[in-house]
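Per chain, numbering begins at 1; letters A, B, ... match sequence-line order. Computed over heavy atoms, backbone and side chain alike; hydrogens, waters and symmetry mates excluded.
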Amino acid sequence: MIDAKLLRENPDVVRAALTKRGESTDLVDQVLAADGDRRSSIAAFESLRAEQKGLGKQVAQAKGDERTALLERTKTLSAEVKATEAAANEAEARFDELSRGLPNLVSDEAPVGGEKDFVVVEEIGKPRDFAAEGFEPRDHLELGELLGAIDMERGAKISGARFYFLKGVGALLQLGMLQLAIAQAVENGFTPMITPTLVKPEVMGGTGYLNAHDDVYRLEEPELYLVGTSEVPLAGYHMDEIIDVSNGPVRYAGWSSCYRREAGSHGKDTRGIIRVHQFDKVEMFSYCSLEDAEAEHQRLLGWEKEMLDKMELAYRVIDTATGDLGTSAYRKFDCEAWVPTQGAYRELTSTSNCTDYQARRLNIRHRDAEGRTRPVATLNGTLATTRWLVAILETHQQADGSVRVPAALRPYVGGRDVLEPVAR
RNA sequence: GGAGGCGUCGCCUAGUCCGGUCGAUGGCGCCCGCCUGCUAAGCGGGUUGAGGGUAAACCCCUCUCGCGAGUUCAAAUCUCGCCGCCUCCGCCA
């Protein structure tokens, strides 16, 4: 949610952000009008209410005729108070609903434009040259089937398209990767968390995901939503609280399954586990002061790179363009790993600085140096997900269909340094 | 699923039966000051959060006793619904 005071005093800042995101600025004027209504109706109610309270006090003291006379007046006043209060509540609710439709501001440093207007910040490692090595790389699904690691067919049989089983070394690799992620996070002061994956509407809405709710699974009774990332329960964790960030960021590492409908992506990435309805992820989540947020964002990015380095992958870091930020993000960096059979970089991690946008919606505050309450900043970033297996399998494959295991993962596959094809 | 109990400004707590000096009591903790070689103790004061009047300070006002609705001139207090926690029973793992 955008600060109402900022919107009132500097509506052009908000309009500029909307324009950079490629959205209409009409909503700004609607919200401003609603804000005016809200404040005037609150003032009307409050002055009547003050009068009513004053009279009520006199009634308590008065006796006889004087009392009857007072009661005559207070009766009509009572109805007016009720009516103006209802009007004020309504105006407040309308303002709230409209202003929740506004996305976050955007960083001046974020590149302006759409999905393809990202800026490459850094390239790390070199994509393997399979032509030079003299063999045609197999894609991750073919490798996964050879190794007995991925079973898409049976996933589809029991749950439909975009579902899968990870089995054998596939299951071990994923568990290893996630455990490695948790271990790294804990080393860096994160509190590990295994979160609920079903959340209430206000939590899903508070994180800004309900606007794009085509992608969210919804349960009818009771009304609950399956989370697409543990960012959602971790943001909701401190909802309606005043937390202490005076000693630096409060950091959580969430381990959860994630669910996405992928409603708008028919026909895209239909093969293998690149884009699936359910996957597992370890997500970093930080609460900190607004002043500390940009520095914390860089730290989260650093920890993502550290994990990717452990997987021995070639990847690049991109600064996401304003049109591709999502509702809550003020700035976003993605790490994209090279996927040999696609000849392309694909997103493996994403870290967002949501500034105080989610915190305003979820009512999460801290006390500043002067003891005043202020919304915190929230940030998130990926430490490992199922999709990483795609890049790991393809990057480390050998001509015979075996796959070399990155050193960091070997303890999790029984110490093996190579995974061999199995007979089906 | 059934029955009962509970929910007060960080924590504990008085108040709720019998509506109006509750515009909320006291303690603990915390903050400021005084006192004191230092510390502790003692003494005095402060200490829920939000919104509006204002751009801000001071100040003033309104809301806030789990949430919402109702009764009433007036609700922490009475009524109804909901949520959460606890205890017991049933059922399932």
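For the pair A/Arg360 and A/Asp3, the minimum side-chain heavy-atom distance is below 4.5 Å. When side chains are defined from C-beta on, A/Glu80 does not count as touching A/Glu85, because their heavy atoms never get closer than 4.5 Å. A/Asp96 has its side chain within reach of A/Arg100: a pair of non-hydrogen atoms, C-beta onward, lies under 4.5 Å apart.
Only the C1' atoms considered, B/C31 is 35 Å distant from B/C86, to the nearest whole Å. Separation of the P atoms belonging to B/C6 and B/U64 is 24 Å when rounded to the nearest angstrom. Nucleotides B/C28 and B/C89, compared at atom P, are 41 Å apart to the nearest Å. As rounded to the nearest Å, B/C78 and B/G5 have P atoms that lie 14 Å from one another. Look at the P atom in both B/A74 and B/A57: the space between them is 35 Å, to the nearest Å. The same atom, P, is picked in B/A50 and in B/U39; the two are 35 Å apart, to the nearest Å. B/G90 and B/C17 have their C1' atoms separated by 34 Å, given to the nearest Å. Distance noted for atom P between B/U21 and B/C38: 48 Å (whole Å).
With both pairing distances under 3.5 Å, B/G4 is matched to B/C86 as a Watson-Crick or G-U wobble pair. The partner of B/G20 is B/C73, by the rule that a Watson-Crick or G-U pair needs both atom distances under 3.5 Å. Using Watson-Crick or G-U wobble geometry with both donor-acceptor distances under 3.5 Å, B/G51 finds its partner in B/C61. Nucleotide B/U39 forms no Watson-Crick or G-U wobble pair with any nucleotide shown, as no partner meets the under 3.5 Å limit on both distances. B/G68 is paired with B/C80 under the Watson-Crick or G-U wobble criterion, all donor-acceptor distances under 3.5 Å. Searching all strands for a Watson-Crick or G-U wobble partner of B/G44 with both distances below 3.5 Å returns B/C32.
Of the listed nucleotides (B/G51, B/C63, B/A50), B/A50 has the atom at the smallest distance from the side chain of A/Thr373. Picking from B/G52, B/C63, B/G49 the nucleotide with the shortest atom distance to the side chain of A/Arg367 gives B/G49. Among B/A57, B/A50, B/C63, the nucleotide with an atom closest to any side-chain atom of A/Arg372 is B/A57.
Residue A/Arg8 is the one, among A/Ala50 and A/Arg8, whose nearest nucleotide of RNA chain B lies closer to the 5' end (criterion: closest heavy atom).
Taking atom CZ on A/Arg374 and atom P on B/A50, their separation rounds to 13 Å, with Å as the unit. Rounded to whole Å, atom C1' of B/C63 lies 8 Å from atom NZ of A/Lys53. Here the C1' atom of nucleotide B/C82 and the CD atom of A/Glu202 are 13 Å apart, to the nearest Å. One interatomic measurement links the two molecules: CZ of A/Arg360 to P of B/G51, which rounds to 10 Å at whole-angstrom precision. We find that CG of A/Leu48 is positioned 12 Å from P of B/U62, with the value rounded to whole Å. For the pair A/Arg361 CZ and B/A50 P, the computed distance is 20 Å after rounding to whole Å. When the C1' atom of B/U54 is taken as reference, atom NZ of A/Lys5 falls 10 Å away, rounded to whole Å. Rounded to whole Å, the distance from CD on A/Glu51 to P on B/G53 is 20 Å.
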List, with names and distances, any nitrogen or oxygen atoms from the protein found under 3.5 Å away from nitrogen or oxygen atoms belonging to nucleotides 78-81 of chain B.
none

Report, one pair per line, the protein and nucleotides 66-75 of chain B atoms (nitrogen or oxygen only) whose separation is under 3.5 Å.
{"from": "B/C73", "atom 1": "O4'", "to": "A/Thr74", "atom 2": "OG1", "distance (Å)": "3.3"}
{"from": "B/C73", "atom 1": "O3'", "to": "A/Ser78", "atom 2": "OG", "distance (Å)": "3.4"}
{"from": "B/A74", "atom 1": "OP1", "to": "A/Ser78", "atom 2": "OG", "distance (Å)": "2.9"}

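In this structure, A/Glu115 places its CD atom where only 12 or fewer heavy-atom neighbours from other residues, nucleotides or ligands lie under 6.0 Å away. Enclosure of atom NZ in A/Lys200 is not indicated, since only 12 or fewer non-hydrogen atoms of other residues, nucleotides or ligands lie within 6.0 angstrom. By the 6.0 Å contact criterion, CZ on A/Arg374 is enclosed, its count of non-hydrogen atoms from other residues, nucleotides or ligands being greater than 12.
Ion pairing of A/Lys305 with A/Glu122 is present here, as a side-chain N (NZ or NE/NH1/NH2) and a carboxylate O approach within less than 4.0 Å. Salt-bridge annotation for A/Asp26 and A/Arg15: absent, with no side-chain N of the basic residue lying under 4.0 Å from a carboxylate O of the acidic one. Checked for salt-bridge contact, A/Arg8 and A/Asp35 meet the test: a charged N lies under 4.0 Å from a carboxylate O.
Residue A/Arg39 places at least one side-chain N or O under 4.0 Å from the OP1 or OP2 atom of B/G53.
Between the side chain of A/Glu46 and the base of B/G53, no donor-acceptor pair under 3.5 Å is found.
Checking each of A/Val121, A/Thr351, A/Thr320 against A/Asp334 for a side-chain contact (heavy atoms from CB on, under 4.5 Å) leaves exactly one that passes, namely A/Thr320.
The aromatic rings of A/Tyr237 and A/Tyr252 stand perpendicular to each other, their planes meeting at an angle above 60°, with 30° marking the opposite boundary. Taking the six-membered ring where the residue is Trp, A/Tyr217 and A/Tyr259 present perpendicular rings, their angle passing 60° and hence far from 30°.
Note on A/Lys200: nothing from the nucleic acid sits closer than 4.0 angstrom, heavy atoms only.
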